[in-house]
There are 2 protein chains.
Amino acid sequence: MSQTRPHAVESLSKDRLRLWLRLLKVTGHVEGELRRRLRADHATTLPRFDVMAALARHPKGLRMSDLSDFLRVSNGNVTGIVDRLTEEGLALRVAVEGDRRAQLARLTPAGEAVFAELAAAHEAWVNDLLGTLDAPMIEQAFDLLTRIEPRETERP
Amino acid sequence: MSQTRPHAVESLSKDRLRLWLRLLKVTGHVEGELRRRLRADHATTLPRFDVMAALARHPKGLRMSDLSDFLRVSNGNVTGIVDRLTEEGLALRVAVEGDRRAQLARLTPAGEAVFAELAAAHEAWVNDLLGTLDAPMIEQAFDLLTRIEPRETERP
DNA sequence: ACTTAAAACTTTAGGCTTGAAATAAATATC
DNA sequence: GATATTTATTTCAAGCCTAAAGTTTTAAGT
């Protein structure tokens, strides 16, 4: 009931805004640290890592459009990242049987090997950066996040 | 104690990773929506908005380096954004008395007027996007976030 | 005063990002 | 079968972003 009083509503809006700014700051901090370490220790970037992670989950390959859906970035963006991974021998494109428009992006064996290292380092970094959260807090955090964005159909 | 058992530790690490990925997804969703609405409804961008917000808080102006500290982005980045805001008549640079290296970036009156509209819309959007969080949840979220990143000295 | 170092900015090169336009191939409609 | 629409992808223009290098000015050391 108190939430429906004009002043409380206004203050709630401000509090939500403050929370959002704080959320941005914290995720920015963690994300920036991950970017920095990927660059410094492994000479790569977060977008490359994200693409490789998606491809690692799909050993048979992913269509370019599936990849961009999966990562929620634009089509043209994925084209460029896969181009660069391909130049470095970490990914490749293979034709799709029966549809000459489409292509599957895949990791090369070299790409899989590189990703295995990246993934281990990445998990350790995240564990480090979120290290003060214990199991109950993590569960609490999941609950809160679920309220912000309604759960979506996960792509396997 | 159970947290120190090898298996529990490993699982905790995975849970932290899952939480991080979920956090990224949610903040990305909200941030993407804000970007989209800024572009669609106000023909501007989030970085421009962030710079204008910082300048609006400091009516006397901010040095370029203070601005980049404040926003936690690189110097060169701020240069470009302020350039564009200046071209559009929303910001301007003024010389600093006694230090010919430095410049203050400020909003123009037009910039202040535009920002007032943007800020109102922005707060409403955030309130909408985080609308399912009530006051106790917000407090809970703040507590959790404080554990991830130790609070820092806020710049006034 | 002279040299050196530090500070404030800008510029540059390279990569990420988007939305929109362009290409090409598959499918639907007539 | 010819035409139109849809689908998969790439290309393009413009902006964002960083690290590194370059300018100009200030401050420190001698």
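Just so it is clear: chains get the letters A, B, ... in the order the sequence lines come, proteins before strands, and each one is counted from 1.
Under the side-chain contact (heavy atoms from CB on, under 4.5 Å) criterion, B/Asn75 pairs with B/Ser65, B/Ser68, sequence neighbours left out. For A/Val30, the side-chain contact (heavy atoms from CB on, under 4.5 Å) partners at least two apart in sequence or on another chain are A/Leu34, A/Leu129, A/Leu130, B/Trp20, B/Ile148. Partners of A/Arg63 by salt bridge (Lys or Arg N to Asp or Glu O under 4.0 Å), not counting sequence neighbours, listed by chain and number: A/Asp99. Considering only residues two or more places apart in sequence or on other chains, A/Asp83 meets the salt bridge (Lys or Arg N to Asp or Glu O under 4.0 Å) condition with A/Arg93. With sequence neighbours excluded, the residues forming a salt bridge (Lys or Arg N to Asp or Glu O under 4.0 Å) with A/Arg35 are A/Glu31, listed by chain and number. For A/Arg48, the salt bridge (Lys or Arg N to Asp or Glu O under 4.0 Å) test picks out A/Glu88, with sequence neighbours left out. Scored by the side-chain contact (heavy atoms from CB on, under 4.5 Å) test, B/Ala105 finds B/Leu55, B/Met64, B/Leu67, B/Val82 as partners (sequence neighbours excluded).
The residue among B/Arg35 and A/Gln103 whose nearest nucleotide of DNA chain D is located toward the 5' end is A/Gln103. Of the two residues near DNA chain C, A/Gly80 and B/Thr79, the one whose nearest nucleotide lies more 5' is B/Thr79.
Nucleotide D/dT26 holds its P atom 5 Å from the CZ atom of B/Arg100, rounded to whole Å. Per the geometry, CG belonging to B/Asp83 stands 16 Å off P belonging to D/dA14, to the nearest Å. Going from atom CG of B/Leu46 over to atom C1' of D/dG15 covers 13 Å, rounded to whole Å. The nearest whole Å value for the distance from the CG atom in A/Asp69 to the P atom in D/dT7 is 13 Å. Distance B/Arg63 CZ to D/dT25 P: 15 Å, rounded to the nearest Å.
A/Pro47 approaches A/Ile81 most closely through the heavy-atom pair CB-CD1, 3.7 Å.
Counting 5' to 3', DNA chain C first comes under 4.0 angstrom of a heavy atom of chain A and last does so at the ends given by C/dG15 to C/dA26.
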Short N/O separations, protein against nucleotides 18-24 of chain D, under 3.5 angstrom:
from	atom 1	to	atom 2	distance (Å)
D/dT18	OP2	B/Ser74	N	2.6
D/dT18	OP2	B/Ser74	OG	3.0
D/dT18	OP2	B/Asn77	ND2	3.3

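Using a 4.0 Å cut-off on heavy atoms, the residues of residues 47-55 of chain B that approach DNA chain D are B/Pro47, B/Arg48, listed by number.
The closest donor-acceptor contact from the side chain of A/Arg106 to the backbone of A/Val94 lies at 3.5 Å or more, if one exists at all.
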Side-chain donor-acceptor pairs under 3.5 Å in residues 108-120 of chain B, sequence neighbours left out?
from	atom 1	to	atom 2	distance (Å)
B/Thr108	OG1	B/Gly89	O	2.7
B/Thr108	OG1	B/Leu90	O	3.2
B/Thr108	OG1	B/Ala110	N	3.4
B/Thr108	OG1	B/Gly111	N	2.9

Distance-only criterion, 3.5 Å: show the donor-acceptor pairs between side-chain atoms of residues 36-44 of chain A and protein atoms not counting sequence neighbours.
from	atom 1	to	atom 2	distance (Å)
A/Arg36	NE	A/Glu33	OE2	3.2
A/Arg36	NH2	A/Glu33	OE2	2.6
A/Arg37	NE	A/Glu33	OE2	3.2

